[in-house]
Amino acid sequence: MALDFAKIEKHWKDYWVENKTYKVDIDKKKEKYYVLDMFPYPSGAGLHVGHPLGYIASDIFSRYKRMNGFNVLHPMGFDSFGLPAEQYAIQTGIHPADSTRENIKMYKKQLSNLGLNYDWSREVQTSDPSYYRWTQWIFSRLFEHYYDIDKNKAVSIDELLEEFEKNGNLNVTAATAETKSFSAEDWKKMNDTEKNDVLMNYRLAYRKVGYVNWCEALGTVLANDEVKDGISERGGHPVVKKPMNQWSLRITAYAERLLKDMENIDWSDSLKSMQRNWIGRSEGLQMFFDIAQSDKKLEIYTTRPDTIFGVTFMVLSPEHPYVEELTLDANKKEVEEYIEYAVNKTEIERTSEKKISGVFTGSYAVNPINGKQIPIWISEYVLMDYGTGAIMAVPSDDERDRAFAEYFNLPVINIIDKSNYPEATSKDKLGIMINSDFITGMEVPEAIEAIINKVESMGIGKKQVNYKLRDANFSRQRYWGEPFPIIYDDQGIAYLLPDDELPIELPPMTEFKPTVDGKSPLARNKNWVNDFDGFYRETDTMPGFAGSSWYFLRYMDSQNEDEFASKEALEYWQDVDFYIGGTEHAVGHLMYSRFWHKFLYDLNLVPTNEPFKRLVNQGMIQGVIEFLYLRKDKENDVNIFVSKELVNANNLEEYAKIPVYIKFVKDYGSENSYLDKVGIDKFREWREEYNNAKFVLQNGVYQSGKFEGEGSKDDIKFTTLSEVGKMSKRYHNVVNPDDVVAEYGADVFRMYEMFLGPIEQSKPWDTKGIDGISKFIKRFWGLYEDRDSKWLVKDEKPNSVELKILHKTIKKVTEDINHLSFNTAISAMMVFVNEIKKIDSHKTDILEPMVKLIAPFAPFIAEELWHKLGKINSVHHEEYPVFEEKYIKESKVKYPICINGKKRGIEEFDADATQDEIKEIVRELDYVKKWIGDKPIRKEIIVPGRMVNIVI
RNA sequence: GCCGAAGUGGCGGAAUUGGUAGACGCGCUGGACUCAAAAUCCAGUGGUAGCAAUAUCGUGUGGGUUCGAUUCCCACCUUCGGUACCA
């Protein structure tokens, strides 16, 4: 066999490294183009077949851009801080830095096997002190700035202090939590703690109370991800919400800019709309309701002030600070039980709960507009984090309020007549007010204005813009993340450590378990914590999104020790032209990066206002996840797993789903996947906490190696639940690309992933069609060299047929790359091979451009063929072929002939035939006459170049 | 629940602006080569009826707009991603 891909790949991989083929530097003579992949978290499971989908696409695109004369920046790095490495360390004692280093090594080898054209000299790792030094540096800047609403940008806290000294905060408009006004006098009278508290309300990085998932049994804070259905994924212990003082980033200050600046970037509408909805801007009315028999006033926010006469009750979030005071003694027991039930549920559980639940406090509020007393209830569907944590309920015009009112038999007053708008839903602000006192008869928008004016004139509220977006919790009680450059004095006042002491490095440790009171593992290291006289260090670390919010800037100048990137590099590379990554980052990472970028822009540290000009979401390659059903309740402290066929579909909420390593499972991925005895034993060994668990089967029970029931141990069939989902270490369902590359070669693997379908579409992994690509590559190769390694390419002048085949292909492939339609580009190249093979043509002028055309897709064999054609330099720096119209001009055009829109035949016409000429010919066709019969022709439609339709 | 996406032959998918539904590939069937197999090559391949010409049905479901709908509109179903501490 002439084609030895393993040898070819090895050879050219070395050649590219030696010749620095993909290294790129600032070159002002050339236009820059920045192609970026979302960098991976280096998981212990290694790169899986889903990762390369985006990497291959960006690789093709960046190669294509380079061949079109651009100076292409295409770097790669690792998002190497994170929870899994820490969990691994707790289990094995291996330091996260060590396991991370090993994982990165493995990832780089896997990536290089795919022939990706990264400039590795620019690599970044978020867990490297030389990188996180600058993450800490940016945090320090966030700490020292506040958001000035008048200037519409971040401004230094020093300027704010000067202003406080002069005028207090009377003239300051800033993005803050609720702050009292104070004069310069007041300010000067405050002690340090008070001043510090005030400033915290202004800083873009500030401290406030947040809630964490606390698991008493494990003695640790858990990520949302580690909590399944209210119990810990490891061990199945109960989890509760616990308040803790935490760092937050004031992303809400940037809400309006994050929203508005999306207009100017080339992102898909669906992605923009996700971000828009996440920000969730609404205009409405903030107002106070009096409370009967109390001095307190209840603050609410509504987008529908017009419905004020339809308010029949109020609902508080279970966490609302007034709950205790408003609950009468008679209702106390019930309320406490309800809060217990609601508070520890996750937000998703609470808002997606179909069962309606709530409890009456016993207290009443007073509608300030009509003086009516209305009951105050508590329900889980009101969230403390959105608006004010309290709502006025209007059951006539809000679906959730209506369901609640119907369930608890609360009154409903109809206040909007929608009969003029039959298509309108309850959400539309349409209709005419009824039963509404002085606004009766008004259209809804008019009524909204009227009530806002009324409320403002009464001095009990004001018009307000509200956002769903919440400030970002920035503290994690973890070891493996960036330490904060923060120390506290004995009064708990936070101070920044000076920039020249950065990076604040993670101290070496051997124990990564959190402390018993839920503090970060760093708190165990007393020497490190109390390093400064009279001060102690912050022991929380930063979350995963810290390092990933600015890494694309570091690539521009990754070795710089004086700045996060030089002005020159930032000026040249500007921003990311083309960013590709998964939709799972559509709101999280992409929102945080935009926020950090805008902040840096405000400080004049980056030249652009938005980081990513064009963004494409690649779909996910999914795997099959295998789950075991675990009963949430234990028997005598023993966990009970139940075989799938015994689980009643109606009681699914009684079970948690525990993922199992797919290699333990028989008939993996099918309806009937199951664990046999060996599989269960492997699982028990793998997950120690389930070593003594009971496995309930159809024909008996298996526990601790013993089987009781009908038949023998060897008959054990514990069926598992198979679901299509993410390929991830968490689900233990990863498929490694190395195996595929070893069998078929990297070029085949690359083209196969691209050939699977459109880049933005998700699909389950499956190697069914890979033989087709493998055959195609061999056939393509066979145009140049036969099976006996005889060189076939000849210097003969190509004829018009050959030129037409070539230029048709160039046209299609080029267009498709620009549309990122790689699957159809590949299909066009397949068509080329089929057609050129049929005429047995092997001419240089045809086959040379084809090597260049395929080079971005199959870089290895392209490079090999290019050199076999006698070329000296890399094909990847050649110019991409350009298609010429003159070679593909058709003299004849085929038209489908339709009768009433149904195709009845195909006819060929001269390309320059007029509509009348076509009509005349068509009318005389036998089959047309037959279909028309004696019916009159009502219409003849000719779409030039497309089709003919006769309507009878 | 809310936000976003997808649904087309046995399978992955194509149809870029409302204009020939099923390109290309897998699989399958038949054939050539071979002692045989693999590999390769050739032909066929949406369903139904028919020897055939051809007819008819057909793009998740139900409606609608149009000469013409996979494409636009309305309602619904299913699956996937996100849902603020996985990354």
Side-chain angles (χ1 to χ4, degrees), chain A residues 1 38-41 43 79 81-84 210 212-213 221-227 268-271 273-278 280 346-354 381 385 400 423 468-473 475-478 543-545 548 582-589 591 617 619-620 622 723-726 728-730 752 755-758 760-764 766 768-773 775-776 778-779 782 787 815-816 819 821 823-824 826-831 834 894-903 905-906 938-941 943 945-952:
Chain A
M1 184 64 227
M38 288 185 187
F39 64 166
Y41 173 77
S43 140
D79 189 10
F81 271 135
L83 196 51
V212 296
N213 301 309
V221 169
L222 296 177
N224 285 341
D225 217 56
E226 300 175 283
V227 185
S268 71
D269 289 339
S270 56
L271 190 65
S273 120
M274 267 191 265
Q275 293 228 335
R276 212 173 285 127
N277 290 323
W278 185 262
T346 67
E347 210 166 283
I348 299 171
E349 284 167 349
R350 274 173 59 172
T351 48
S352 59
E353 181 62 82
K354 282 180 190 157
Y381 79 88
D385 282 315
R400 282 174 316 177
E423 312 250 296
K468 277 203 194 106
L469 184 70
R470 309 206 284 260
D471 281 345
N473 182 346
S475 286
R476 301 292 181 266
Q477 293 68 44
R478 309 271 174 204
F545 71 82
S548 61
T583 40
E584 70 270 28
H585 299 291
V587 280
H589 159 64
M591 193 67 83
N617 281 128
M620 291 224 241
Q622 292 148 334
E723 280 183 7
V724 171
K726 266 194 196 180
S728 148
K729 188 173 183 200
R730 179 150 45 98
Y752 179 60
F755 191 61
L756 274 175
E760 63 280 1
Q761 203 164 295
S762 291
K763 49 234 148 192
D766 173 7
K768 264 185 210 150
I770 199 163
D771 280 337
I773 296 287
K775 274 190 226 168
F776 160 73
K778 285 178 194 157
R779 280 159 63 84
R787 299 226 261 162
E815 283 173 2
D816 285 349
H819 288 111
S821 179
N823 55 332
T824 53
I826 292 168
S827 128
M829 290 189 268
M830 287 174 168
V831 171
N834 292 344
K894 275 185 187 155
Y895 281 86
I897 312 299
C898 303
I899 315 287
N900 283 349
K902 263 199 163 136
K903 190 185 82 171
I906 292 177
R938 286 204 286 147
K939 216 177 193 179
E940 286 168 304
I941 298 159
V943 184
R946 289 284 196 186
M947 51 83 69
V948 178
N949 190 19
I950 296 173
V951 187
I952 52 174

TODO: Measure from the side-chain heavy atoms of A/Lys775 and tell me the nearest of B/G4, B/G81, B/G27.
DONE: B/G27
TODO: Could you work out the separation of B/U59 and B/A69 based on their P atoms and round it to a whole Å?
DONE: 11 Å
TODO: Say whether, by atom type as modelled, one donor and one acceptor occur between the side chain of A/Asn213 and the main chain of A/Leu222 under 3.5 angstrom.
DONE: yes
- [ ] Would you check, one step at a time, whether the test side chain to side chain contact (heavy atoms under 4.5 Å, CB included) holds for A/Thr346 with A/Asn224?
- [x] CA-CA 8 Å; A/Thr346 67; A/Asn224 285 341; 5.7 Å; no
TODO: Any strand is fair game: report the nucleotide pairing with B/A5 by Watson-Crick or G-U wobble, both distances under 3.5 Å, or none.
DONE: B/U79
Open item on the list: Do A/Asp225 and A/Leu83 have side chains that approach each other closer than 4.5 Å (heavy atoms only, starting at C-beta)?
Closed with: no
- [ ] For B/G25 versus B/U79, give the span between their C1' atoms, rounded off to a whole number of Å.
- [x] 25 Å
Task: Opposite nucleotide pairing with B/G25, Watson-Crick or G-U, both atom distances under 3.5 Å - done: B/C11
Open item on the list: Work out how far the P atom of B/C28 is from that of B/G10, and round it to whole angstrom.
Closed with: 16 Å
Task: Side chain of A/Arg476 (C-beta onward), nearest among B/C85, B/A21, B/C24 - done: B/C85
Open item on the list: Between B/C85 and A/Asp225, counting only base atoms on the nucleotide and side-chain atoms on the residue, is there a donor-acceptor pair under 3.5 Å?
Closed with: no
- [ ] Any strand is fair game: report the nucleotide pairing with B/G30 by Watson-Crick or G-U wobble, both distances under 3.5 Å, or none.
- [x] B/C42
TODO: Identify which nucleotide among B/C3, B/U20, B/C85 has an atom closest to any side-chain atom of A/Asn277, counting heavy atoms from C-beta outward.
DONE: B/C3
Task: Nucleotide nearest A/Met830 when distance is taken to its side chain, options B/G27, B/G19, B/C24 - done: B/C24
Open item on the list: Give me the atom names and distance for the closest heavy-atom approach of A/Ile770 to A/Tyr752.
Closed with: N-CE1, 3.5 Å
TODO: Check whether any side-chain heavy atom of A/Met830 sits under 4.5 Å from a side-chain heavy atom of A/Ile773, and report yes or no.
DONE: yes
Task: B/G4 phosphate, OP1 or OP2, under 4.0 Å from A/Arg276 side-chain N/O - done: no
TODO: Among the candidates B/C85, B/A5, B/A21, find the nucleotide nearest to the side-chain atoms of A/Asn473.
DONE: B/C85
TODO: Output yes when A/Lys468 and A/Glu347 qualify as a salt bridge under the 4.0 Å nitrogen-oxygen rule, no when they do not.
DONE: no
Open item on the list: Is it the case that B/C85 (base atoms only) and A/Gln477 (side chain only) share a donor and an acceptor within less than 3.5 Å, ignoring hydrogens and angles?
Closed with: yes
Task: Non-hydrogen atoms of A/Leu271 and A/Ala586 that approach each other most closely - done: CD1-CB, 3.1 Å
TODO: Report yes if some heavy atom in the side chain of A/Asn617 is under 4.5 Å from a heavy atom in the side chain of A/Glu760; otherwise report no.
DONE: no
Open item on the list: Base contacts versus sugar-phosphate-only contacts with protein, heavy atoms under 4.0 Å: please encode nucleotides 10-18 of chain B as B, S and - from 5' to 3'.
Closed with: -SBSS-B--
Task: Closest-nucleotide 5' rank along RNA chain B - winner of A/Gly544 and A/Lys939 - done: A/Lys939
- [ ] For A/Ala828 and for A/Ile906, find the nucleotide of RNA chain B with the closest heavy atom, then tell me which residue's nucleotide is more 5'.
- [x] A/Ile906
Task: For B/U65, the Watson-Crick or wobble partner whose two distances fall under 3.5 Å - done: none
Open item on the list: Side chain of A/Lys903 only, heavy atoms from C-beta on: which candidate in B/A39, B/A21, B/G25 is closest?
Closed with: B/A21
- [ ] Can you tell me, in whole Å, how much space there is between the P of B/A49 and that of B/A75?
- [x] 40 Å
TODO: Please state the C1' separation for the pair B/G7 and B/U54 - nearest whole angstrom.
DONE: 33 Å
Task: Candidates B/G4, B/A87, B/A84 - which lies nearest the side chain of A/Ser273 - done: B/G4
TODO: Return no unless some side-chain N or O of A/Lys726 is found under 4.0 Å from OP1 or OP2 of B/G82.
DONE: yes
Open item on the list: Need the pair for B/U71. Rule: Watson-Crick or G-U wobble, both distances under 3.5 Å, any strand; none if unpaired.
Closed with: none
Task: B/U48: pairing nucleotide in any strand, Watson-Crick or G-U under 3.5 angstrom - done: B/A55
Open item on the list: By nearest atom, which of the nucleotides B/G4, B/A87, B/A84 is closest to the A/Asn224 side chain?
Closed with: B/A84
Open item on the list: For a quick test of reading the model: is some side-chain N or O of A/Lys902 closer than 4.0 Å to OP1 or OP2 of B/G19?
Closed with: no
Open item on the list: Tell me whether the side-chain N/O atoms of A/Asn617 come closer than 4.0 Å to OP1 or OP2 in B/G4.
Closed with: no
